[in-house]
Amino acid sequence: MTKERTNDADVIIVGGGPAGSALGALLAMDGHRTLIIEKDIHPRDHVGESLVPSTNLVFDRIGFLDKMNEEGFTHKPGAAWTGPRSPLWKFVEVWLFEYPIAGGPQPYTYNVERDAMDTLLLRHAHDKGAKVLQGVKVKQVLFEEGRAVGVRAHVADGWERDLYAKYVVDASGRRCLIANQLKMRHHDPSFNQFCIYSWFENVKQAPERLEGFSLFYFIGMNQAWAWQFPLRAGKTTVGVVLDKEDFQRSGQSHEEFFYSLVQKNDTLRDAMKDAKRIRPFWIEGDYSYTIDRFAGPGWLLAGDALRFVDPIFSSGGDVALFSALHSYETLTEVMRTGREASAFEAYHRRVETGADIWYDMISMFYKIQNLITKFVTSPRHRESFVRALQGNPYVLGAQERSRALLAEMQESYERVMATPGSLLRPWAMDPEKNGTLTCPTCLGVADYWPEDEAFMCRRCGAKTSAGGYRPAGAETVLPGV
């Protein structure tokens, strides 16, 4: 007679980042045997990050906000941005708590050092009752007859152990353990972004009115921007995001290229004139991808393991914490009712819908970067825009509001594209690319080919008909798509 196997936990969570730690805390608080397996030993290096207001709701739910405030993370009441040649320290301001969040516990969020926050959050999960293993790498998820039943944990060469649970949640971040194992991960051709960043001292800060704000700088390149986030103890994280092709064609080192981009915005150049770098440059690229499914028999995905696009709207923390919350709600429902398939499908749809809205907002930013100010300063659109930046696009009301805003943005984009010479067009501020079209397929650069009477994308090769319009010269732009 075969002895029935004993599970090591009710739920095994792969990864001890924000998604895994928040989920672990929620499950343990509910009395479920929870095991978090993290390959690194915290604290671990990570870029400083700006959070959105919605994250307060999940932190409050797990009793973590007091620890965030005791730790002294920089309070963030809003975000602001400025153009390449705007007057020094003149920003468009978004006060993120201008419109109250239902159930919101405080009128600010945070700029954080992720190494410190992640360590604190993982310890919090342990304090709530989750078992935590650090320095243990999950090599693979174990499946039996198509169902996830556990993981193979690797501690050192020659030492491995199989651990079993009723459910496995992949919160392994951009490692995407289950998605890669099941071949569900795909590079997103619409985003070829490249990021260079570091920490600095002696960065000039914004006027007192904007204390704690996350600052963003447009640098005259359509698919590029820079950030400046104030951290604790006089530290500031500064970084640039741009199309990888622009760096590859520059022929410069990472450091040379970074400082060349700093010079493209007058206020950023002023902020950085006395700055001293205190950490090496971090380099990240090819980080945008899609995943086919967020749930399957015995498994769920959470956080970056289910999707990652671009950090312009600080959506990563929102996706991590709300996918953790909805994973918890889904798992507890299934453990109560036994109806797994329908609950897991509902989880996939709910999280996918929210992630898609973030994705579409980010895509729209890159299509109409020069039009963003118009919408946030418009009395008719301001509340919708601010609420979109607050996060939590997983509820029906927020989804409807965001979709309506996106539709109006798309209409504005089409009107601009129908106006030759408009300075609001994509690439209009980039002399090298002015006179081209933004590819509607992948957001790349498309050049006019007179023999085909069409625009052809440099990146994906897609053709867009000129619709009978014949540019008079290299500086003439297609009047619509």
Side-chain angles (χ1 to χ4, degrees), residues 17-19 22 45-59 64-65 68-69 71-82 91-98 101 104 106-118 120-121 173 193 195-200 203 205-206 209-218 224-241 265 267-268 271-272 279 282 284 287 303-304 308-322 358 361-362 365 372 376 385-393:
D45 281 345
H46 207 297
V47 61
E49 188 162 319
S50 181
L51 302 179
V52 296
S54 62
T55 57
N56 285 342
L57 300 175
V58 181
F59 284 151
F64 189 63
L65 275 181
M68 290 285 283
N69 288 319
E71 189 70 12
F73 291 119
T74 302
H75 291 181
K76 169 190 164 184
W81 58 84
T82 187
F91 287 86
V92 177
E93 304 171 12
V94 179
W95 293 80
L96 291 169
F97 296 83
E98 178 178 343
I101 299 175
Q106 60 190 29
Y108 56 86
T109 179
Y110 307 91
N111 296 312
V112 300
E113 297 91 336
R114 276 286 304 278
D115 54 353
M117 189 194 81
D118 288 8
L120 199 66
L121 191 54
Q193 299 304 83
C195 182
I196 309 173
Y197 55 93
S198 191
W199 288 3
F200 299 83
V203 176
Q205 299 300 310
R209 169 179 170 78
L210 301 180
E211 182 178 356
F213 268 55
S214 293
L215 304 180
F216 297 90
Y217 299 92
F218 297 163
W225 52 278
W227 78 74
Q228 175 186 337
F229 301 159
L231 303 174
R232 298 174 296 177
K235 301 186 301 289
T236 303
T237 172
V238 180
V240 293
V241 174
N265 183 287
T267 302
L268 181 57
M272 293 291 289
R279 282 197 174 189
W282 280 289
E284 295 191 29
Y287 49 67
D304 287 351
F308 189 83
V309 186
D310 183 279
I312 179 62
F313 293 135
S314 301
S315 58
D318 175 271
V319 173
L321 293 176
F322 278 90
W358 275 124
M361 287 290 294
I362 293 164
F365 166 78
I372 290 294
V376 77
F385 196 95
V386 172
R387 289 200 180 279
L389 296 185
Q390 289 175 341
N392 190 16

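- Heavy-atom minimum distance, A80 versus L210: CB-CD1, 4.5 Å.
- Look at D115 and R279 and you find a salt bridge, because one of the NZ, NE, NH1 or NH2 atoms lies within 4.0 Å of a carboxylate O, short of that distance.
- Between S50 and T237, every side-chain heavy-atom pair lies at or beyond the 4.5 Å cut-off.
- Proximity of T82 to N265: side-chain heavy atoms (C-beta onward) are separated by under 4.5 Å at one or more points.
- Residues L51 and M68 meet the side-chain proximity criterion, which asks for heavy atoms closer than 4.5 Å.
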Residue pair V52, L389: steps toward the side-chain contact (heavy atoms from CB on, under 4.5 Å) verdict: CA-CA 7 Å; V52 296; L389 296 185; over 6 Å; no
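- Remark: R114 engages E49, D118 in a salt bridge (Lys or Arg N to Asp or Glu O under 4.0 Å) (not counting sequence neighbours).
- Taking the six-membered ring where the residue is Trp, F218 and W81 present parallel rings, their angle staying beneath 30° rather than reaching 60°.
- When side chains are defined from C-beta on, M272 does not count as touching Q228, because their heavy atoms never get closer than 4.5 Å.
- Contact record, A320 with P18: CB-CB, 4.3 Å, taken as the closest heavy-atom pair.
- At a threshold of 4.5 Å between non-hydrogen side-chain atoms, the residues Q193 and E284 do not count as touching.
- Considering only heavy atoms from C-beta on, L215 comes within 4.5 Å of F91 through its side chain.
- Taking the six-membered ring for Trp and thresholds of 30 and 60 degrees, F216 and F229 have ring planes more than 60 degrees apart, a perpendicular arrangement.
- Side-chain atoms of M117 and Y110, non-hydrogen and from C-beta on, never get closer than 4.5 Å to each other.
- Within the 4.5 Å cutoff, side-chain heavy atoms of H75 are placed close to those of N69.
- Here the OG1 atom belonging to T109 is positioned 10.5 Å from the CG atom belonging to D318, to the nearest 0.5 angstrom.
- D304 pairs by the side chain to side chain contact (heavy atoms under 4.5 Å, CB included) definition with R174, Y289, F308, not counting sequence neighbours.
- How far CG of D310 is from CH2 of W358: 12.0 Å, rounded to the nearest 0.5 Å.
- Residues satisfying the salt bridge (Lys or Arg N to Asp or Glu O under 4.0 Å) test with E93, not counting sequence neighbours, are R209.
- With hydrogens and angles disregarded, no donor-acceptor distance shorter than 3.5 Å links the side chain of Q106 to the backbone of G104.
- The two residues V240 and A226 have their closest heavy-atom pair at CG1-CB, 3.7 Å.
- Taken from NZ in K235 to CG in N111, the straight-line distance is 12.0 Å, to the nearest 0.5 Å.
- The distance from the NZ atom of K76 to the CG atom of L96 is 5.5 Å, given to the nearest 0.5 Å.
- Of the N and O atoms on the side chains of Y108 and N56, not one donor lies less than 3.5 Å from an acceptor on the other residue.
- Side-chain contact check for W227 and S214: no donor-acceptor pair (N or O, by modelled atom type) lies under 3.5 Å.
- Pairing each heavy atom of F97 with each of P107, the nearest pair is CD1-O, 3.3 Å.
- Between the CD1 atom in I101 and the CZ atom in R387 there is a gap of 7.5 Å [rounded to 0.5 Å].
- Using cut-offs of 30° and 60° on the angle between ring planes, the pair F59 and F64 is tilted.
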